[in-house]
Asks: 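Structure below; questions to follow.
Protein chains get the first letters and strands the later ones, always in sequence-line order, with residue 1 at the start of each.
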Number of protein chains: 2
Amino acid sequence: MTKNLTPMIQSCVLHFGEMGSRWGINRTVGQMYALIVLNKEPLCADDIAEALGFSRSNVSMGIKELLSWELIKLQHLPGERREFYSAPGDVWDIAKTLMEQRRKREIDPTLTTLRNLLLETPANSEEEFAQQRMRDMHELIEMLTLWTAEIQRLDSARLMKLSKLGSNIGKVLDMKDKLLGR
Amino acid sequence: MTKNLTPMIQSCVLHFGEMGSRWGINRTVGQMYALIVLNKEPLCADDIAEALGFSRSNVSMGIKELLSWELIKLQHLPGERREFYSAPGDVWDIAKTLMEQRRKREIDPTLTTLRNLLLETPANSEEEFAQQRMRDMHELIEMLTLWTAEIQRLDSARLMKLSKLGSNIGKVLDMKDKLLGR
DNA sequence: CTGTAATTTCAGTATTTACTGAAATTACAG
DNA sequence: CTGTAATTTCAGTAAATACTGAAATTACAG
């Protein structure tokens, strides 16, 4: 934290730093991302290093990570030799990317592992029980995944609709029943 | 990994250990939880320490953490002086607890922080922009949260229905439009 | 109570993860 | 090409986190 951040922006940056460290993302990268998201103008590595008081090399690694998550994109500013980075303008785009990446890194490997273990023949009743739990987990995770994949396909407009549809999935289910005449 | 785990169960335990460390949960606790979930019978601390080759004190701390997450419950077995632990029998219960706890620990503090920062009067156009992004984030997160809260209220049976309703939220929306004659 | 089994705590240590600065590489203006 | 600004790499170090063993506490049977 070296230069020119207003208290408001600094608070937000620090908060996302702390939060970041509860996810896979580390504190530094969390702060960097908050800074980029809160900034209208794209930032270059030096801007970030200066604003947050990190070493230039640390910023370089952080940028690499954010790029690999596809959370920022590189852009060249006219008449500038340095590289600038910015986040999507729509927070829903950011959220979708996060969900997608987390799925790839955290869910998919688990589904694969479970599927493989379910192919094995249980050697005893202990393994039979264990396999049943794995089957349950697999089914549940797959369902939730399909579901969020579906949500991710929505654009901001439809999302708003859903949001207004409001907080009652139960009602949606009832509607469906009614609609299908059951 | 000292004793008596079959290769199948061991693989699963190790996998959830690795995965655990990508969440807030550490590797050891992840392994412990997998072991408990995969076991029909409740386990005591010594069972766990022996099966996974951890020190008794490490297991004690892990149990404390799992209890604080409400992912396991303590039970006394008849004629046993030691304390035994088991996971819910329904994986959906486990998932609901996880969602709930993650919300409490990761989402709520962020919503609070954002709300507080939104109460401040922006000092300049830079802060105005930053606040707009915070507002967007707050709205989106709140919506997703309300939504998952709703899902959490479903019991296994309704969940199944939803799962069969299948992977098309878009269609649900269409249904709603139709039903409401819009 | 008393003795013992079970559990927890915690200071010290080990391991992992994050961060830095110096050197190497790349990218580009002239 | 050449020179210089920008970026990346990476070995070394710092910081954070996880884990252990010994000692303290608790819980309970007799």
Asks: With a 4.0 Å cut-off, would you call A:R115 and A:E142 a salt bridge?
Replies: yes
Asks: Without decimals, in angstroms, what is the distance between A:E50 CD and C:dT20 P?
Replies: 15 Å
Asks: Can you check the B:L52 CG to D:dA18 P distance for me, whole Å?
Replies: 17 Å
Asks: Specify the separation, in whole Å, of atom CD of B:E80 and atom C1' of C:dA6.
Replies: 11 Å
Asks: Rounded to whole angstrom units, what separation is found between the CD1 atom of A:I63 and the C1' atom of C:dC19?
Replies: 15 Å
Asks: Specify the residue among A:E83 and A:I25 whose closest nucleotide of DNA chain C lies further upstream toward the 5′ end.
Replies: A:I25
Asks: For the residue pair A:K73 and A:L67, what are the closest heavy atoms and their distance?
Replies: CA-CD2, 4.3 Å
Asks: Choosing from C:dT7, C:dA22, D:dC19, which nucleotide comes nearest the side chain of B:R56?
Replies: C:dT7
Asks: Start at the 5' end of DNA chain D and walk down; is the nucleotide closest to A:S21 or to A:N58 reached first?
Replies: A:N58
Asks: Less than 4.0 angstrom between a side-chain N/O of A:T28 and OP1 or OP2 of C:dC19, yes or no?
Replies: yes
Asks: Can a donor-acceptor pair be found, under 3.5 Å and without considering hydrogens, that links the side chain of A:R133 to the backbone of B:V37?
Replies: yes
Asks: Name the residue closer to the 5' end of DNA chain D, choosing between A:R27 and A:R82 according to the nucleotide with the nearest heavy atom.
Replies: A:R82
Asks: Nearest whole angstrom, please: distance from the C1' of C:dT7 to the CZ of B:F54.
Replies: 18 Å
Asks: Which base, if any, makes a Watson-Crick or G-U wobble pair with D:dA11, both distances under 3.5 Å?
Replies: C:dT20
Asks: Return the pairing partner of D:dT26 with a 3.5 Å limit on both distances, Watson-Crick or G-U wobble; otherwise return none.
Replies: C:dA5
Asks: Looking at D:dT7, I'd like to know if its phosphate oxygens (OP1 or OP2) sit under 4.0 Å from a side-chain N or O belonging to A:K64.
Replies: no
Asks: Kindly determine whether A:E120 and A:E127 satisfy side-chain contact (heavy atoms from CB on, under 4.5 Å), including the steps that lead there.
Replies: CA-CA 10 Å; A:E120 293 180 20; A:E127 286 200 351; 5.5 Å; no
Asks: Is B:N26 near enough to D:dC19 that one of its side-chain N or O atoms lies under 4.0 angstrom from OP1 or OP2?
Replies: yes
Asks: Rounded off to whole Å, could you give me the CZ-to-P distance for the A:R22 and D:dA16 pair?
Replies: 16 Å
Asks: Classify the side chain of A:R81 and the base of D:dT4 as holding, or not holding, a donor-acceptor pair under 3.5 Å.
Replies: yes
Asks: Is the shortest side-chain N to carboxylate O distance from B:D93 to B:K96 below 4.0 Å?
Replies: yes
Asks: Atom NE2 of A:H76 to atom C1' of C:dA29: distance rounded to whole Å?
Replies: 14 Å
Asks: Report yes if a donor N or O on one partner sits less than 3.5 Å from an acceptor N or O on the other, where the partners are the side chain of A:S55 and the base of C:dG21; otherwise report no.
Replies: no
Asks: Rounded off to whole Å, could you give me the CD-to-C1' distance for the B:E65 and C:dT9 pair?
Replies: 16 Å
